[in-house]
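So you know, we letter chains A, B, ... as the sequences are listed, proteins then strands, and number each from 1.
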Protein chains: 2
Amino acid sequence: MSDRDFTIGATRRAFQGHVFAVDVADVEYADGTRVTRDLIRHPGAVAIVAYDEHAVYLTRQPRPAIGDPDSLELPAGLLDHAGEGPLATAKRELAEEIGKAAAHWEFVVRFRTTVGVSDEETHLFAATGLRDEAADSGEDERIEIVPWPLADLDGALAASRDAKTLIGLTWLRERLG
Amino acid sequence: MSDRDFTIGATRRAFQGHVFAVDVADVEYADGTRVTRDLIRHPGAVAIVAYDEHAVYLTRQPRPAIGDPDSLELPAGLLDHAGEGPLATAKRELAEEIGKAAAHWEFVVRFRTTVGVSDEETHLFAATGLRDEAADSGEDERIEIVPWPLADLDGALAASRDAKTLIGLTWLRERLG
């Protein structure tokens, strides 16, 4: 046991939203200290670095949470379909968001987006061997597809302020290095 | 105007926590479509890549939100002191979390941690010219300081699952490359 070990005790759901919930939880450390923490419960997400010999396929989409109508990002989506794993979600989102299927899929990394307050985890994949395969999400997504030249990955990194996109494009720059 | 432009209308505070709040907001797009979104309001944070000729200074700390008692991360902290800008917060957190001051500070990048649901922004700095300068946060932080050898940055990248830490250590690997 270290003084960092803890158990989570009584938990009260304080907010239930469409994407995430908030729990107020009692946290007890191994030394007996008790604290209360507000914990965001999020289903997790996938993001995809989809590229061919010319371009990486990005999106622009409105993000009310950050007040940005034109957020430049990797294609991505929530793990919100029961029983659908991260890779299957990534395949579905790639078709829905940029109208592509991929012959080759590679797991890159998974990471927690904001460890202080949320359990959100993002699974990052790379997709190559792309072909057209449109799918309709049935949602009002307002997404513009942006094929960004591989020769200007630095420009994409400068133009995006989204953590998953920075991680994915930095990975791609090293891969292509 | 594009079909991605929106305005945020009536907003109701649905949860007020210690670190963040949740607003339920009406969002109206330029074409008249209206949707409701749950928006996390977060004060923002800083993170620091502090390194000398031998090591980068990481921390291990308990993170109840992800169920991890030993999360390996860059030193970091919330922008929760009124009137204190990101660089001043970074300097304070470096002293509180790893007991160091730095002669040289460099802004690296700022990014949004989870654009779908939260306005949280993290400001990433690099700090060099380190010297000992302990400060007591007055908080129960349970933080272990982990000097990680620069020769094994790949090992730190493999051992951390925290987005800000992946972004910071990847930046450092390129910088030292």
Side-chain angles (χ1 to χ4, degrees), chain A residues 2-6 8 14-15 17-20 22 24-25 27 29 33 35-40 42 45 60-71 73 76 78 109-122 140 142-144 160-167 170-171 174, chain B residues 2-6 8 14-15 17-20 22 24-25 27 29 33 35-40 42 45 60-71 73 76 78 109-122 140 142-144 160-167 170-171 174:
Chain A
S2 91
D3 70 345
R4 294 191 300 276
D5 286 325
F6 59 81
I8 293 182
F15 174 77
H18 294 283
V19 172
F20 63 88
V22 179
V24 177
V27 177
Y29 285 98
T33 304
V35 296
T36 300
R37 289 289 179 268
D38 306 321
L39 307 178
I40 296 164
H42 185 284
R60 283 195 190 278
Q61 57 183 294
R63 291 298 195 180
I66 59 170
D68 186 350
D70 296 306
S71 183
E73 303 174 24
L78 294 171
V109 69
R110 61 193 169 95
F111 52 86
R112 304 287 186 160
T113 57
T114 175
V115 294
V117 294
S118 175
D119 65 356
E120 181 181 353
E121 186 170 47
T122 296
D140 178 23
R142 299 171 189 269
I143 292 176
E144 177 188 354
S160 180
R161 295 271 68 82
D162 169 51
K164 67 179 180 292
T165 302
L166 299 186
I167 291 171
T170 302
W171 173 86
E174 292 196 348
Chain B
S2 94
D3 71 345
R4 294 192 301 276
D5 286 325
F6 59 81
I8 293 183
F15 174 77
H18 295 283
V19 172
F20 63 88
V22 178
V24 177
V27 177
Y29 285 98
T33 304
V35 295
T36 301
R37 290 289 179 266
D38 307 321
L39 308 178
I40 297 164
H42 186 285
R60 283 195 191 278
Q61 57 183 295
R63 291 298 195 180
I66 60 170
D68 187 349
D70 297 306
S71 183
E73 303 174 24
L78 295 171
V109 69
R110 62 194 168 94
F111 52 86
R112 303 288 186 160
T113 58
T114 175
V115 294
V117 294
S118 175
D119 65 355
E120 181 181 353
E121 185 170 49
T122 296
D140 178 22
R142 299 171 189 271
I143 292 175
E144 178 188 355
S160 179
R161 297 270 68 82
D162 169 51
K164 67 178 179 292
T165 303
L166 299 186
I167 291 171
T170 303
W171 174 85
E174 292 195 346

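Contact annotation for V22(B): only side-chain heavy atoms (C-beta onward) come within less than 4.5 Å of a heavy atom of chain A. Contact of T113(B) with chain A is made through backbone and side chain together, with heavy-atom distances under 4.5 Å.
Using a 4.5 Å heavy-atom cutoff, the side chains of F15(B) and V24(A) are in contact. Between E121(A) and I66(B) there is no side-chain heavy-atom pair separated by less than 4.5 Å. Here the side chains of E174(A) and T170(B) are in contact, with some heavy-atom distance below 4.5 Å.
A donor-acceptor pair is defined here as one N or O able to donate and one able to accept, closer than 3.5 Å; no such pair exists between the side chain of D3(B) and the backbone of R142(A). Judged by distance alone, with hydrogens and angles left aside, the side-chain atoms of R161(B) form a donor-acceptor pair with the main-chain N or O of R110(A) at under 3.5 Å. Side chain of R4(A) to main chain of D70(B): no donor-acceptor pair is present (N/O by atom type, distance under 3.5 Å, no hydrogens or angles).
When the candidates T165(A), D68(A), T36(A), L78(A) are compared by the number of heavy-atom contacts under 4.5 Å with chain B, D68(A) comes out ahead. Of the residues considered (S71(A), A14(A), A65(A)), A65(A) shows the highest number of contacts with chain B, using heavy-atom pairs under 4.5 Å. If you tally non-hydrogen atom pairs under 4.5 Å between each of R112(B), E120(B), E73(B) and chain A, the highest count goes to R112(B). If you tally non-hydrogen atom pairs under 4.5 Å between each of S118(A), A45(A), A76(A) and chain B, the highest count goes to S118(A). Annotation: maximal heavy-atom pairing with chain A below 4.5 Å, among G67(B), G17(B), P64(B), occurs at P64(B).
Considering every non-hydrogen atom in both F111(A) and A163(B), the closest pair reads CD1-CB, 3.7 Å.
Here the OG1 atom belonging to T114(A) is positioned 8.0 Å from the CZ atom belonging to R63(B), to the nearest 0.5 angstrom. Residue H42(B) holds its NE2 atom at 7.5 Å from CD1 of I40(A), rounded to the nearest 0.5 Å.
With H18(A) as the partner, the side-chain contact (heavy atoms from CB on, under 4.5 Å) test is satisfied by one option alone out of D38(B), V117(B), V35(B): D38(B).
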